[in-house]
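Working notes, structure below.
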Amino acid sequence: MQKRIIFTTTLLAGLLLGATITAMAQANDTTHRRQRWSAEDRADKFSDKLDRELHFNRDQDKQIHVINEDITRRMDAVKHNHTLPKKEKMQQMKALNEERGQRFKTVLTPAQYKKWNNWEMKKKERLEAKMDKKQQKRQARQQN
């Protein structure tokens with residue numbers, strides 16, 4: 001009976017130790033959090049998301065992916081150009097987004113383009129609401 005208790009206690013202690021070591025190893029492994037997605041990965045992700053929403057055919061899928069990859073690479077170049085002022089960067093990013101929309105218009109059907117455009121407008125509205133909320137918080141802090 002006593003041997004059984006010792007065996008069970010040792011087994012539980014070993015399992016607990018193993019779980020603790022595994023948890024610590026995962027906590028120390030932060031490479032997945034620090035690693036940035038490449039332009040190709042972001043283009044893939046965005047293209048897949050659009051495909052789920054708009055149901056592309058094969059040709060559209062390829063063309064949309066090429067457009068997304070091109071625009072994403074160019075956006076990265078603008079982001080990492082530290083010689084540009086922030087306002088200029090924002091203008092170039094806006095121009096690239098508008099170019100994406102124009103290029104999408106040549107690939108998508110009118111119904112798909114309308115659905116994508118509505119989706120973009122909703123996204124823009126959410127972003128503007130979020131920015132307004134931040135602005136109000138800043139103003140409230142400055143008044144106090």
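Nothing here was measured: the structure is a model prediction, and the numbers come from that model.
For Q60 and Q112, the side-chain atoms include at least one donor-acceptor pair closer than 3.5 Å. Remark: the Q92 side chain and the E88 side chain contain an N/O donor-acceptor pair separated by less than 3.5 Å. Side chain to side chain, S38 and D41 meet the donor-acceptor criterion of an N or O pair below 3.5 Å.
Salt bridge annotation for E69-R42: absent, with no cationic side-chain nitrogen under 4.0 angstrom from a carboxylate oxygen. We find that R74 and D70 are joined by a salt bridge, their nearest charged nitrogen and carboxylate oxygen being less than 4.0 Å apart.
The salt bridge (charged side-chain N to carboxylate O under 4.0 Å, His left out) test applied to E120 returns K123, not counting sequence neighbours. Considering only residues two or more places apart in sequence or on other chains, F56 meets the ring pair (Phe, Tyr, Trp, His ring centres under 6.0 Å) condition with none of them.
D44 places none of its side-chain heavy atoms less than 4.5 Å from the side chain of N68. With a 4.5 Å cut-off on side-chain heavy atoms, V107 and R103 do not count as touching. Considering only heavy atoms from C-beta on, W37 comes within 4.5 Å of K45 through its side chain. When side chains are defined from C-beta on, K89 counts as touching H82, because their heavy atoms get closer than 4.5 Å. Contact annotation: the side chain of R100 approaches that of M75 to within less than 4.5 Å [non-hydrogen atoms, C-beta and beyond].
The CG atom of D51 sits 5.0 Å away from atom CG of D61, with the distance rounded to the nearest 0.5 Å. Considering CG of D48 and CZ of F46, their distance stands at 11.0 Å, rounded to 0.5 Å. For the atom pair I67 CD1 and T106 OG1, the distance stands at 5.5 Å (nearest 0.5 Å). Rounded to the nearest 0.5 Å, atoms CD1 (I71) and CG (N97) are 8.0 Å apart. Between the CH2 atom in W119 and the CG atom in L54 there is a gap of 7.5 Å [rounded to 0.5 Å]. Taking CD from Q91 and CG from L84, the interatomic distance works out to 10.0 Å, rounded to the nearest 0.5 Å.
Legend: salt bridge (charged side-chain N to carboxylate O under 4.0 Å, His left out) pairs involving residues 128-144, not counting sequence neighbours: none detected.
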side-chain contact (heavy atoms from CB on, under 4.5 Å) evaluation trace for Q135 with Q139: CA-CA 6 Å; Q135 181 82 21; Q139 288 174 348; 3.5 Å; yes

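Looking only at distances, a side-chain donor or acceptor of K115 sits under 3.5 Å from a matching main-chain atom of E53.
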